[in-house]
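Chain letters run A, B, ... following the sequence lines, proteins first, then strands; residues in each count from 1.
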Amino acid sequence: MFVRDGSLSGEPSLPHLHEENLKFTLKRYSALPGFGITMGFTLFYLSLIVLIPLSTIFFSAFSLGWGHFWEVVISPRTLAALRLSFGTSLVSALINAFFGLIVAWVLVRYEFPGKKFVDAFVDFPFALPTAVAGIALTALYSQHGWVGKYLYALGIKSAYSPLGITIALIFIGLPFVVRTVEPVLQNLESEVEEAAASLGANRWQIFSKVILPTITPALLTGTAMAFSRALGEYGSVVFIAGNTPMKTEIAPLLIMVQLEQYEYASATAIAGIMLVVSFIMLLFLNILQAWGRQNESL
Amino acid sequence: MSGIVGGKLGVVGREVRRPFLSEPRWVRMLLTTVALVFLASFLALPIAMVLAQALKKGFAFYLHALSEPDALSAIRLTLIVAGVTVPLNLLFGVAASWAITKFDFTGKKFLITLIDLPFSVSPVISGLIFVLLFGAQGRLGEWLGDHNIRIIFSVPGIILATVFVTFPFIARELIPLMQAQGNEEEYAAVTLGANGWQTFWKVTLPNIKWGLLYGVILCNARAMGEFGAVSVVSGHIRGLTNTIPLHVEILYNEYNFTAAFAVASILMLLAFVTLALKHWVEWRAAKDAASSEPGAETP
Amino acid sequence: MSIGIHQIVKKFGNFSALKGIDLNIETGELLALLGPSGSGKTTLLRVIAGLEEATSGQVFFLGDDVSRQKVSDRGVGFVFQHFALFRHMNVLDNIAFGLRVRPREQRPSEEKIKEKVHELLKLVRLDGLAPRFPSQLSGGQRQRVALARALAIEPKVLLLDEPFGSLDSKVRKELRQWLRRLHDRLHMTTIFVTHDQEEALEVADRVVVMNEGRIEQAGTPDEVYHKPANAFVYNFLGNVNLFHCRLEGGKAYIANTPVSIKVGVSPEAQKAKIYIRPHLLEISRFSQPDSFKGVIHFLNSAGSVAKVEVLSEWGEIVQVEVPQEQFRSLGLKKGETVFVTLKDAKLFHEDYAI
């Protein structure tokens with residue numbers, strides 16, 4: 001049923017997007033003007049700024065030839081950089097998942113003085129330019145820094161090490177989990193919990209059997225976003241990383257290093273790999289979000 | 001994906017929970033403490049660090065670091081970059097959201113995904129693609145070189161890279177907002193004889209102004225603070241192609257830490273202003289939404 | 001202004017919302033498009049306004065083909081189901097909108113606009129509410145602002161989409177009588193869409209009953225109610241009882257009860273359906289010609305008529321409406337055996353699908 005008069009359901013009677021409508025025409029008639037010019041500009045600008053520049057990566061990577069491309073990818077330095085990037089991104093995303101959930105929980109459910117202020121500040125890593133985050137964290141965690149001096153005294157090398165990279169990635173990924181889980185927790189109806197309580201469940205059972213399954217899609221989405229962001233991050237990591245090849249050199253930095261040495265082919269090959277991973281993450285995120293919406297609409 | 005997870009526009013009041021639906025007091029205390037310690041060590045400490053380092057050598061040195069010519073030219077370039085980037089992406093955001101929300105066409109979801117694409121690309125790669133496209137090693141770069149047009153290691157390259165990384169900000173703020181508002185008011189306007197411009201200016205724009213401003217604020221913050229992408233295309237030419245974040249990096253790498261943190265403190269101020277504006281806009285939008293709800297009837 | 005609708009077809013992909021509509025609307029007529037959800041009535045209204053483009057067919061205003069004319073040039077007053085008031089404008093600005101967006105040379109002076117708005121506010125009985133915002137108005141008030149806004153551009157035709165659909169039932173009743181009186185004053189060609197048969201029959205000069213993209217019947221309220229063209233119309237305009245029967249020798253038989261039929265179908269039809277409204281059935285305590293036997297199953301005497309459900313001898317529930325007076329004099333009780341007589345039944349072919 002496509003056109004509903006909507007009189008009974010009370011919905012607006014304008015037929016919305018229906019896949020079947022689109023089989024014959026690319027665009028449905030609308031009484032509103034401006035489709036040509038806005039769509040034209042959108043496609044033009046999108047192609048100019050995003051699609052054409054991005055496609056150069058793939059053209060350049062193809063022109064390398066499979067042999068050369070593969071040679072760059074399996075070189076020990078590239079593999080070490082990719083391993084480091086994936087490893088630190090994953091660890092930082094998991095840490096953010098754990099603490100992010102607690103932060104979101106506390107911000108939604110408990111009252112304490114200054115809560116609104118704290119809530120507002122969760123977005124700080126989004127607003128702070130990454131270079132500033134990078135130098136501030138380096139100063140904090142290096143040998144003579146406020147935190148670093150205690151850690152170094154314990155024999156923990158908290159800067160210029162994978163740990164330092166992980167710390168920077170936790171910082172920049174912090175808001176993702178909090179901001180995706182928060183609205184879902186907020187919209188959770190207390191009726192569902194009341195029902196569970198009336199059926200004899202205790203607090204922990206209510207959390208693990210009722211609340212957690214509801215917020216799982218959002219939690220996964222936030223974690224995947226933090227991971228994806230961490231994988232490509234450069235500014236906040238480059239200062240604290242140490243940047244020693246094979247040890248503390250992340251993939252984005254390796255691209256940068258190759259570029260500075262005019263090794264365009266190598267830079268392109270690594271970038272190509274990273275882009276493919278990004279697209280896979282994007283696809284995964286779209287699936288996660290579709291799952292989340294389905295969960296919410298139940 | 002980098003950038004900000006969906007706006008909080010329209011999130012309203014929280015309900016008070018029944019005591020039996022909450023945790024024991026010690027659990028609440030423990031969780032609150034964990035959350036606050038975590039946030040303090042990752043948010044408050046870096047802020048304090050920037051301020052402490054910036055003012056380490058006194059206020060006079062601080063002012064000097066901000067007023068030296070290279071710093072001033074970096075500030076000027078950053079303002080120029082944001083001044084070009086934000087209006088361009090604003091125009092795009094409005095056009096794209098009009099095309100997407102006012103019409104039904106094939107491939108709409110795909111188009112939205114394409115618009116979001118720059119968020120999932122590493123900043124370094126965002127710069128790299130423009131080097132590959134316009135750099136001296138490519139055919140286009142050769143041609144540009146022959147005609148004395150510089151894009152890479154020059155201001156146009158910096159602007160292009162910045163436009164790329166901030167590309168989705170305004171569109172992704174407007175599209176869900178306009179989708180939620182529907183098209184009935186626009187239809188009413190055209191039946192009353194309004195043309196496209198009149199419909200947009202008099203009916204659509206007043207309804208989306210807070211979302212628009214929200215997007216502009218986020219877009220501007222990222223445009224001014226972008227480091228990775230700009231770093232790749234700028235060539236780090238002091239006084240010419242250095243934006244504020246790049247200037248911070250140069251000072252830091254020269255072990256001129258105090259000056260680096262002094263300049264960084266401007267960017268931190270930008271972050272504070274951004275957060276404050278963002279929350280002000282959220283508050284205003286929530287207020288408007290509450291007052292235009294049918295429930296707000298007065299007898 | 002007269003409106004001609006010629007062979008309008010509207011398809012959404014594979015789905016045909018309108019399957020060739022022909023209709024003429026006279027100048028000054030108040031017409032109701034009545035039908036269930038999905039009957040195409042709103043689509044037809046939007047095609048007339050130009051909010052939808054017909055797949056084929058033409059719309060004529062005063063004999064001129066306006067099918068390709070933009071909605072903003074058609075000069076129709078359209079009142080939306082949910083009013084679509086501009087949220088950020090007060091009542092005055094809402095009503096003045098259509099005048100203010102005119103090209104400069106046709107635009108009245110601001111003074112004239114204000115004067116006109118106040119005149120309209122008086123007409124819709126909202127004087128004094130000009131500075132209010134839509135959020136500060138009740139549903140009925142919003143409805144009248146939407147109407148005033150549509151009237152401000154002095155439309156040649158007024159189109160209303162479910163004008164009372166989102167109002168509560170008491171306001172609804174008041175407003176529809178008011179709309180009728182307003183139309184009698186303005187004499188503007190008016191078309192409104194409704195799914196409420198009572199509303200259509202009470203307000204309109206002529207009712208067009210639609211179903212599945214087709215017009216089932218067009219006629220005065222009296223005609224469509226008393227002389228329904230087919231089973232759908234009869235069924236849609238009020239409660240009915242349905243009996244399956246077989247025809248034999250000029251008589252209809254429900255189960256084994258012979259019934260005299262006034263309106264016949266072609267005699268060769270062996271099976272037919274009998275439709276009869278609850279108030280056209282009569283209950284008596286004694287057997288009558290053309291009556292069947294049943295047991296009282298349910299009684300409800302709250303309301304203007306008493307509602308009685310009778311379990312017929314062939315096992316179907318039959319609804320009967322009995323005037324209060326008669327109900328009291330009969331003194332009916334649950335479980336009693338009664339006889340039901342058909343006063344005026346309609347007979348339709350068995351194969352007619354509803």
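Contacts with chain B were tallied for A:Val132, A:Ile270, A:Ile37, A:Val50; A:Val50 has the most, counting heavy-atom pairs under 4.5 Å.
With a 4.5 angstrom heavy-atom cutoff, A:Leu128 touches chain B via backbone and side-chain atoms both. Neither the backbone nor the side chain of A:Phe207 has a heavy atom closer than 4.5 Å to any heavy atom of chain B. Heavy atoms of A:Val178 lying under 4.5 Å from chain B are absent altogether. Heavy atoms closer than 4.5 Å to chain A are found in both the backbone and the side chain of B:Leu267. For a residue to count as touching a neighbouring chain, one of its non-hydrogen atoms must lie under 4.5 Å from one of that chain's; by this rule B:Ala52 touches chain A with the side chain only. Residue contact with chain B, scored on non-hydrogen atoms closer than 4.5 Å, is absent for A:Tyr29. Proximity to chain B (any heavy atom under 4.5 Å) is restricted, for A:Trp105, to the side chain, taken from C-beta onward.
Ring pair B:Phe92/A:Phe41 is tilted by interplanar angle, where 30° to 60° counts as tilted.
Remark: B:Phe110 engages no residue in a ring pair (Phe, Tyr, Trp, His ring centres under 6.0 Å) (not counting sequence neighbours).
The shortest side-chain heavy-atom distance between A:Thr42 and B:Trp98 does not fall under the 4.5 Å cut-off.
Between B:Lys109 atom NZ and A:Asn286 atom CG the span is 9.5 Å, to the nearest 0.5 Å.
Contact record, B:Met49 with A:Leu140: CE-N, 3.7 Å, taken as the closest heavy-atom pair.
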For residues 29-47 of chain B, which side-chain donor-acceptor pairs fall under 3.5 Å, sequence neighbours excluded?
from	atom 1	to	atom 2	distance (Å)
B:Thr32	OG1	B:Arg28	O	2.6
B:Thr33	OG1	B:Met29	O	2.6
B:Ser41	OG	B:Val37	O	3.0
B:Ser41	OG	B:Phe38	O	3.0

